[in-house]
Amino acid sequence: MKAWQEEDIQSLLTASSEKELFARLSEAARDLGFEYCAYGMKVALPLSNPRVTMFNNYPEAWQKRYQEMGYLAIDPTVRRAARSAGPVLWSECMPASTLEFWEDAHAYGLKVGLALPMRDHQGLSSLLTLSRSKDEITRSELAARRAQMYWLTEVAHLGMTQWLASKLMPEIDVRLSDREAEVLRWTGDGKTSNDVADILGISERTVNFHINNAMLKLGASNKTAAVLRAAVLGLL
């Protein structure tokens, strides 16, 4: 197996587009012994309908089937990975309720795989999936390649963040002043503007000035939404 070096990291991070980056991720997946690669990124805002973008090199027929059947909503690897901090083996998430899904996937040559989740402080989560049509993933294989799998997951997230984050969630580029963040933190603790004014030794009018500025920056219609968005984005 190829020994990945610094130049491999640069190759991924200097890709000229998200599509080129995914193509290079797919090459790295093949180096690890997997025919197929899929990558998905989800942003935290808006909470009611978070945006998701996906790339994969699965057979076109399976891609079409997956979309037509709305499998994203029931895909057990996606669900389990959302609650996991480590690799999710397909073989470990095959409840009876998803038997039809797995039979379908196997019919298209997707029989063995694992999903590697990644989350960051800015409200971005991603999932790198590596799969193949045969040969179970053994404990020894997972142990031997775990470091490279994690490396690939981290670099994929970093690279895709550069290309996708601002497109999917413009709020990620927001920067609050120290005072705006401080006022929102106290507001998030349930303090009124008058309370915050007393705590910080400033006027209530000044507190509201900072709250309104933060609301405008975050595109929030009220201070509760501003606090929530700032917290989700790691600004507090």
Side-chain angles (χ1 to χ4, degrees), residues 1-15 17-43 52-59 62-63 66 71-72 75-95 98 101-102 105-106 108-165 168:
M1 183 174 59
K2 165 184 174 182
W4 292 343
Q5 305 294 334
E6 180 66 24
E7 56 265 27
D8 298 297
I9 298 176
Q10 292 304 314
S11 174
L12 287 165
L13 295 183
T14 57
S17 69
E18 56 267 43
K19 291 183 178 179
E20 182 180 341
L21 174 55
F22 179 72
R24 295 182 183 182
L25 289 174
S26 299
E27 291 177 7
R30 284 191 287 273
D31 289 334
L32 286 172
F34 294 94
E35 301 163 63
Y36 304 114
C37 176
Y39 182 87
M41 175 173 280
K42 182 174 77 171
V43 297
V52 178
T53 189
M54 296 184 291
F55 303 86
N56 68 76
N57 63 355
Y58 293 146
W62 170 244
Q63 294 183 42
Y66 192 94
Y71 278 153
L72 179 60
D75 190 330
T77 61
V78 174
R79 287 189 168 192
R80 183 160 177 173
R83 305 187 299 272
S84 176
V88 175
L89 291 169
W90 287 7
S91 58
E92 295 177 349
C93 49
M94 294 186 174
T98 60
F101 168 84
W102 287 115
H106 291 172
Y108 288 92
L110 303 171
K111 299 181 179 180
V112 179
L114 77 164
L116 300 117
M118 177 65 64
R119 303 174 187 85
D120 64 29
H121 70 285
Q122 294 179 294
L124 297 173
S125 59
S126 63
L127 189 64
L128 177 67
T129 300
L130 308 174
S131 57
R132 60 195 183 209
S133 59
K134 59 182 180 180
D135 300 329
E136 290 295 332
I137 300 171
T138 64
R139 289 181 179 273
S140 60
E141 178 186 5
L142 188 59
R145 299 183 178 180
R146 184 185 295 267
Q148 288 174 320
M149 289 176 179
Y150 277 123
W151 173 89
L152 189 61
T153 304
E154 292 181 8
V155 175
H157 186 83
L158 179 60
M160 285 297 188
T161 295
Q162 294 175 351
W163 287 106
L164 300 174
L168 296 174

> Which is it for Leu124 and Met160 under the side chain to side chain contact (heavy atoms under 4.5 Å, CB included) test, yes or no, and what are the steps along the way?
Replying inline: CA-CA 11 Å; Leu124 297 173; Met160 285 297 188; over 6 Å; no

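- Remark: Lys42 NZ to Leu168 CG distance equals 12.5 Å, nearest 0.5 Å.
- With rounding to the nearest 0.5 angstrom, the OG1 atom of Thr77 is 12.0 Å from the CD atom of Glu92.
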>> Using side chain to side chain contact (heavy atoms under 4.5 Å, CB included), reason through Gln148 and Asp31 one step at a time and then give a plain yes or no.
In response: CA-CA 10 Å; Gln148 288 174 320; Asp31 289 334; over 6 Å; no

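- Considering only heavy atoms from C-beta on, Leu25 comes within 4.5 Å of Leu152 through its side chain.
- Ring geometry for Tyr58 against Tyr36 counts as perpendicular: the plane angle is over 60°, on a 0 to 90° scale with 30° as the lower cut.
- Rounded to the nearest 0.5 angstrom, Glu35 CD and Arg132 CZ are separated by 8.5 Å.
- Residues Glu136 and Glu141 form no side-chain contact, since every pair of their non-hydrogen atoms from C-beta on lies 4.5 Å or further apart.
- The two atoms that bring Leu130 and Leu116 nearest to each other are CD1-CD1, 4.0 Å, heavy atoms only.
- For the pair Arg119 (side chain) and Ala82 (backbone), a donor-acceptor distance under 3.5 Å is present.
- To the nearest 0.5 Å, atom CH2 of residue Trp163 and atom CD of residue Glu20 are 8.5 Å apart.
- With rounding to the nearest 0.5 angstrom, the CZ atom of Arg80 is 8.5 Å from the CG atom of Leu89.
- Contact detail for Pro117 and Gly86: the closest heavy-atom pair is CD-O, 3.3 Å.
- Between Val88 and Ala81 the shortest heavy-atom distance is CG2-CA, 3.9 Å.
- A heavy-atom distance below 4.5 Å is found between the side chains of Thr14 and Arg24.
- In summary, the aromatic rings of Trp62 and Tyr71 are positioned with their centroids under 6.0 Å apart.
- The side-chain heavy atoms of Met149 and Leu142, taken from C-beta on, include a pair separated by under 4.5 Å.
- Taking the side chain as every heavy atom from C-beta outward, Trp90 and Ile137 never approach each other to under 4.5 Å.
- Judged purely by atom type and a 3.5 angstrom limit, Ser26 uses its side chain to pair as donor or acceptor with the backbone of Phe22.
- Of the inter-residue distances, the one linking Asn57 atom CG with Arg30 atom CZ reads 6.5 Å to the nearest 0.5 angstrom.
- Looking at every heavy atom in both residues, Ser126 comes nearest to His157 through OG-ND1, 2.7 Å.
- For Trp102 (side chain) and Cys93 (main-chain N/O), a donor-acceptor pair under 3.5 Å exists by modelled atom type.
- Counting only heavy atoms from C-beta outward, the side chains of Phe55 and Cys37 never approach each other to under 4.5 Å.
- Residues Leu21 and Gly159 share a closest heavy-atom pair of CD2-C, 3.4 Å.
- Met118 has its side chain out of reach of Tyr150: every pair of non-hydrogen atoms, C-beta onward, lies at least 4.5 Å apart.
- Between Thr161 and Met41, the closest side-chain pair of non-hydrogen atoms falls below 4.5 Å.
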